[in-house]
Amino acid sequence: MTASAFNSLFFFFFFIFLLLSQSSSSFHPLDPLTPSEIKTIQHTIKSSNLGSTQNLSFQYVGLDDPDKRTLLSWLSNHTKTPLPRRAFIIARLENQTHEIIIDIKDNFIVSDRIYNGYGYPTPTFAELEAATSLPFTYPSFIESVTKRGLDMTQVVCEIYLVGWFGEVRKGKRMAKITCNYRGGTDNFFMRPLEGVTVTVDLDAMAITGYYDRIRVPIPKAEGTDYRASKQKPPFAKPTNGITVVQPDGPSFTIDGHMIRWANWAFHLGFDARVGPIISLASIYDLDKDEYRSILYRGFISELFVPYMDLAEEWYYKTFFDAGEYSFGSSAVSLEPTTDCPSNAVFMDVYVADQSSNPVKMSNIFCVFERSAGNIMWRHTEVGIPGKVVREVRADVSLVVRTVAAISNYDYVVDWEFKQSGSIKVAVGLTGILEVKGVPYTHTNQIRENVYGTLLAENTIGVNHDHFLTYYLDMDIDGQDNSFIKAKMQTVRVMEGRNNSIPRKSYWTVVTETAKTEADARLRPSLDPADLLVVNPNKMTKVGNHIGYRLIGGSQATSILSDDDYPQIRGAYTKYQLMVTPYNRSEKWASGVYTDQSRGDDTLAVWSQRNRAIQNRDIVLWYTVGFHHIPCQEDFPVMPTLTGGFELRPSNFFDSNPVLKVMPSKPVHWPNCTVQP
Ligand SMILES: *[C@@H]1O[C@H](CO)[C@@H](O)[C@H](O)[C@H]1NC(C)=O
Ligand SMILES: *[C@@H]1O[C@H](CO)[C@@H](O)[C@H](O)[C@H]1NC(C)=O
Ligand SMILES: *[C@@H]1O[C@H](CO)[C@@H](O)[C@H](O)[C@H]1NC(C)=O
Ligand SMILES: *[C@@H]1O[C@H](CO)[C@@H](O)[C@H](O)[C@H]1NC(C)=O
Ligand SMILES: *[C@@H]1O[C@H](CO)[C@@H](O)[C@H](O)[C@H]1NC(C)=O
Ligand SMILES: *[C@@H]1O[C@H](CO)[C@@H](O)[C@H](O)[C@H]1NC(C)=O
Ligand SMILES: [Cu+2]
């Protein structure tokens, strides 16, 4: 074959390959930025006047979400004229914060503006890493380590942003570094070098402060390692092996980022700041023969984790894990068969690094069908003479899982879709506690406020909260929805001459429709109520408003004082639920610039506008909250504690939507057939 024939053949096959690769994963406007788009952003900015300086760094690179109305009309429009595709970038350039919008189809800068308000963008991982290495060449720090008789090579440092504590003047991008000691364990978090703090200026990338304040013993390494290989007998007897086999493959399809399974269809996106994003979740209604919308967008908007220790080394530890540390970029690769069952399918994602180079993150999502031995519905009828009717359906659902490890803590984030129409949102808290070194080896020695629980010798697990605020843009069968509290109210039965019924009370339902944002700021209440999102413009055949119910769980809310600085920054966590009208720029509950924020751009502030929310396109913000008083079982690694909530149809369907779900197909496996 001649070279030119080879070439044309090559190009012919290459062309076929391109065609196939495009048809096999179709593009969706909500897809996260692709590696080549991330590169395009780099080129576009570097070749503009912004690119002339060496010090340009990309703090955030993400999709600039298409306008909702435009997108929805585009999706329902079969002509498919392309939508603009844009990226939103926050960059640091000569100590200034730039907000840049780039058209990534036609490669130009749409807008570039300098942000001068309070707060700073999320630091990049490269900045945090560079800062964390600074103490290792800092003489005073080296002296602190050596005078404790410790080996410098065994020191591991962690970096924390400093928050805001009422400073009037605008400061600098700062961080504090505290360190731990490995020495015979990989669980260095259990061995703090208590009392030593290094302060760093992130723009100058230099140490600006240092103190070595207290001297307490470093907790022992013994008993802290969590690796199986490091455990000593006795061992617990392992259970017999369990696996999930699905010999005919999964029942879902993944087309690009669109996932379809049973009666569900949704888009699975990803963002460096917030992590997984579920969009356009809709359910197929067998009776109506159509997909009906439920959730336009859902994601964890922010995670507020304030610690309750007032020591100099601790008071500022009041973390916002999304806005300060990038929850999405902290996602970790999932391990087949342990992080996810053996029938799981894995997906990769890409994020941009500090120079806007694409970085591949492998196995960030796993998607699997869950058949955990639960019952979807059942009934046994023995009331018919001479006959027993028994009908049961096993529950099979679809789970999308991500795990983010924000240094010591691991969050297991699950979105579970049920054929009954429920979306169950779960978050599992596990990983390593943040502990403080103390001189005490027994609780009977403690005479001061230690702000936590003695978990092991010299080790205090400090009290703290976890508040995960979910953004839930509900579109129940259309965009215009209302939020309703259906309160159960006790009614005393009047003792009347004519009353022959011997009951003294019953409860009835009193519904309240929230008219403005103030009506929908809910705190956990002892008074029972169903929380509903309804479409006031649509009814079931028998005349009930079509709706979905929010069944809350893990209802802790912040009990810090309103005037406490961390609380001012996370004021929205005082509420279990808030409802706002949809606004494209209100998606991050702690504001765009969370580092050193002053609470002037948070969900709590937006809600104070008290806008109308009745029969509007509304967004629910539900906070899954935990007050965490550590206990000894959390040492040296915490067993998963799960919380969450459920979105469940309530008069959305005309009758039970899983009545006609037929039993799963039998499993054919070599030499054995398992009946479902
Ligand atoms: C900024 O760029 C200059 C020149 O390349 C370099 O000397 C300096 O270290 C850079 N500063 C930072 C904070 O990266
Ligand atoms: C569909 O797209 C065409 C061309 O962009 C536009 O003229 C038309 O208004 C769109 N239809 C809808 C329902 O949005
Ligand atoms: C940026 O700020 C740091 C101090 O925070 C300073 O050392 C540095 O020179 C500044 N760089 C520029 C380009 O202004
Ligand atoms: C008592 O109940 C009967 C039957 O419901 C009704 O006809 C009658 O008017 C009632 N009397 C009073 C005093 O309420
Ligand atoms: C949308 O949100 C932004 C940011 O909070 C705000 O500036 C703007 O006024 C809001 N628009 C409406 C109509 O509420
Ligand atoms: C299935 O049974 C056949 C015949 O008994 C045997 O040869 C084969 O090894 C078995 N396969 C498995 C996977 O157990
Ligand atoms: Cu905790």
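In listed order, ligands and their atoms are each counted from 1. The residues of the chain are indexed from 1 along the displayed sequence.
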query: Can an N or O of Arg609 be found at a distance shorter than 3.5 Å from an N or O of ligand 5?
result: yes
query: By number and element, which atoms of ligand 5 are closer than 4.0 Å to a non-hydrogen atom of Trp606?
result: 5 (O)
statement: Per-atom filter on ligand 3: closer than 4.0 angstrom to a heavy atom of Asp201 are 4 (C), 5 (O)
query: Should the pair Asp617-Arg69 be classified as a salt bridge under the 4.0 Å nitrogen-to-oxygen rule?
result: no
message: Need one value: angle at the Cu ion (ligand 7), His464 atom NE2 versus His628 atom ND1, rounded to 10 degrees.
response: 100°
message: Checking side-chain polar atoms at under 3.5 Å, does Thr516 have a donor or acceptor matched by the opposite partner on Arg611?
response: no
message: I need the Met308 CE to Leu560 CG distance, nearest 0.5 Å.
response: 4.0 Å
- prompt: Does a donor on one side chain and an acceptor on the other come within less than 3.5 Å for Gln59 and Ser57?
  reply: yes
query: Can an N, O or S atom be found in Tyr409 less than 2.8 Å away from the Cu ion (ligand 7)?
result: yes
- prompt: Does a side-chain N-to-carboxylate-O contact under 4.0 Å join Glu517 and Arg609?
  reply: no
- prompt: What atoms in ligand 5 come closer than 4.0 Å to a heavy atom of Arg611?
  reply: 14 (O)
message: Checking a contact table here: which protein heavy atom is nearest atom 7 (O) of ligand 3, and how many Å away?
response: Ala204 CB, 3.6 Å
message: Return the closest protein heavy atom for atom 5 (O) of ligand 5 as residue, atom name and distance.
response: Glu586 OE2, 3.0 Å
field: Closest to atom 10 (C) of ligand 3 (judged by heavy-atom distance), picking from Asp203, Asn95, Thr208
entry: Asn95
field: Non-hydrogen atom of Arg584 closer than 4.0 Å to ligand 5
entry: no
- prompt: So, for Tyr470 and Tyr622, is the gap between ring centers shorter than 6.0 Å?
  reply: no
task: Using only heavy-atom distances, determine whether the side chains of Tyr440 and Glu448 contain a donor-acceptor pair under 3.5 Å.
output: yes
- request: Among Lys176, Arg173, Lys172, find the one that has a salt bridge (Lys or Arg N to Asp or Glu O under 4.0 Å) with Asp201.
  value: Lys172
task: Could you tell me the residue and atom name of the protein heavy atom closest to atom 11 (N) of ligand 5, and the distance to it rounded to 0.1 Å?
output: Asn583 ND2, 2.9 Å
query: What protein heavy atom sits nearest atom 13 (C) of ligand 3, and how far off is it?
result: Glu94 CG, 3.8 Å
